[in-house]
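Quick notes on the structure that follows.
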Amino acid sequence: MIKKIAADKLKVGMFIHDLDASWINHPFLSSRFSIKNKLVINEVIAAGIKHVYIDTERGLDYELAEPFEVIKRRVESRRQQLAEEQVGLPKQVSFKSELIRAQVIMQEACSTVRTFMCDIRFGRHLESDVINEVVESITESVFRNKDALMTLSRIKKVDQYTFMHSISVCVLMTAFARAMDYDSETTRQIAVGSLLHDLGKMRVSPEILNKPGPLTEDEHQEMRRHVEYGEELLDELGWMGDLSMNIIRQHHERIDGTGYPHGLVDEELSDVGRMSAVVDVYDALTSNRCYKKSWEPTYTLGKLLEWSPNHFGEAVTHQFVRCVGIYPVGTLVRLNTGKLAVVVEQDEEHLLQPRVRVVFDEEFGRAVLPSDIDLAMSDMMIDEAVAPEKVKIDPKSFL
Ligand SMILES: [Fe+2]
């Protein structure tokens with residue numbers, strides 16, 4: 001049941017259904033979340049929110065706080081249910097232990113994708129087995145620990161953008177599909193479509209594809225045709241499912257009809273079409289290109305949220321931000337203590353308070369012995385994300 005209560009009556013264990021305030025007026029990524037600690041209640045009150053709606057089916061009731069035993073039984077039953085759902089899935093591991101394996105997977109994926117994209121340019125056939133093998137290793141790594149491949153896929157060489165972008169979109173979409181609780185077959189189809197979403201670019205001339213300067217109107221039109229070229233290519237191959245095809249067809253569409261090739265609006269865009277549109281833009285903006293420097297992930301996510309009402313839909317964009325985190329692993333941040341730290345672990349329940357590794361003291365202008373802090377359990381806060389090149393610190397070297 002949904003109940004409206006005064007914000008100062010909130011208790012740990014309640015589930016907020018709605019904050020009764022526009023999202024731009026509060027610091028929370030979503031207006032729907034459970035209250036894990038008192039800091040969250042303080043943040044709600046500090047944001048000037050007077051009332052909230054709580055969902056008593058998903059958290060504690062106002063008058064009737066559940067006895068501890070009832071909560072414990074419910075948690076245990078949910079844990080059991082999750083364990084049953086996880087049977088057959090790869091076991092989750094830490095970021096550090098997945099990172100080494102993820103580096104090998106990334107190298108192999110790069111080599112395979114580069115080869116098959118060249119093959120397509122020369123009119124050779126593309127076997128589904130080749131794609132399935134890459135997709136399987138990416139999916140398994142993402143299921144073990146999504147942050148390992150997601151962090152690696154942000155590193156791209158400018159001259160290898162086209163195929164590295166395909167791998168990044170595949171990694172991000174697989175993590176997104178997992179965060180959306182899609183079943184394994186749906187996730188596999190999403191990963192296949194994502195890996196091949198820009199395959200049509202192999203029918204665009206390399207002069208246009210790799211042109212360092214701005215494109216002329218005609219070149220721009222030709223570049224946009226990569227969507228139709230991709231659809232034709234994959235139709236010819238004949239093994240691509242509808243769900244995967246929707247990613248190829250719709251990743252440049254926008255819900256306000258300004259996208260291409262068909263100018264689809266609102267519900268005409270499928271869920272995977274919207275998801276791929278957000279992910280494609282996120283990866284393009286956070287990558288170095290021959291004509292522009294990359295944007296910081298945190299800044300990019302803010303821009304995506306700003307554009308979401310017209311371009312991708314707010315719900316899907318919020319879900320994507322929840323998936324990658326406001327401060328993705330590897331982001332360099334400035335704490336309110338004046339120290340610089342690297343985000344080393346995400347917590348979906350505390351997106352503004354990830355686990356960080358303090359590496360530099362700006363006051364004294366020197367490196368410090370790295371130490372980890374869980375910001376959700378600390379009084380320290382993140383002031384802002386910092387561009388690594390501005391302070392000449394490579395956050396990756398601290399992961
Ligand atoms: Fe594209």
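Numbering of ligands and ligand atoms starts at 1, following listing order. For the single chain, residues carry numbers from 1 onward in sequence order.
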* **Lys/Arg-Asp/Glu bridge criterion (N-O < 4.0 Å) met for Glu185, Arg188** => yes
* Pair His251-Asp280, side-chain donor/acceptor within less than 3.5 Å -> no
* To do: Assess Arg274 against Phe312: is NZ or CZ under 6.0 Å from the centre of the six-membered ring, and within 45 degrees of the ring's axis?
  => no
* the Fe ion (ligand 1) contact by His197, N, O or S atom under 2.8 Å -> no
* Looking at Asp198, pick out the N, O or S atom nearest to the Fe ion (ligand 1) and give its name. => OD1
* If the Fe ion (ligand 1) is the vertex, what is the angle to NE2 of His252 and NE2 of His251, rounded to 10 degrees? -> 90°
* To do: Taking the side chain as every heavy atom from C-beta outward, state whether Val391 and Phe360 have any pair of such atoms under 4.5 Å apart.
  => no
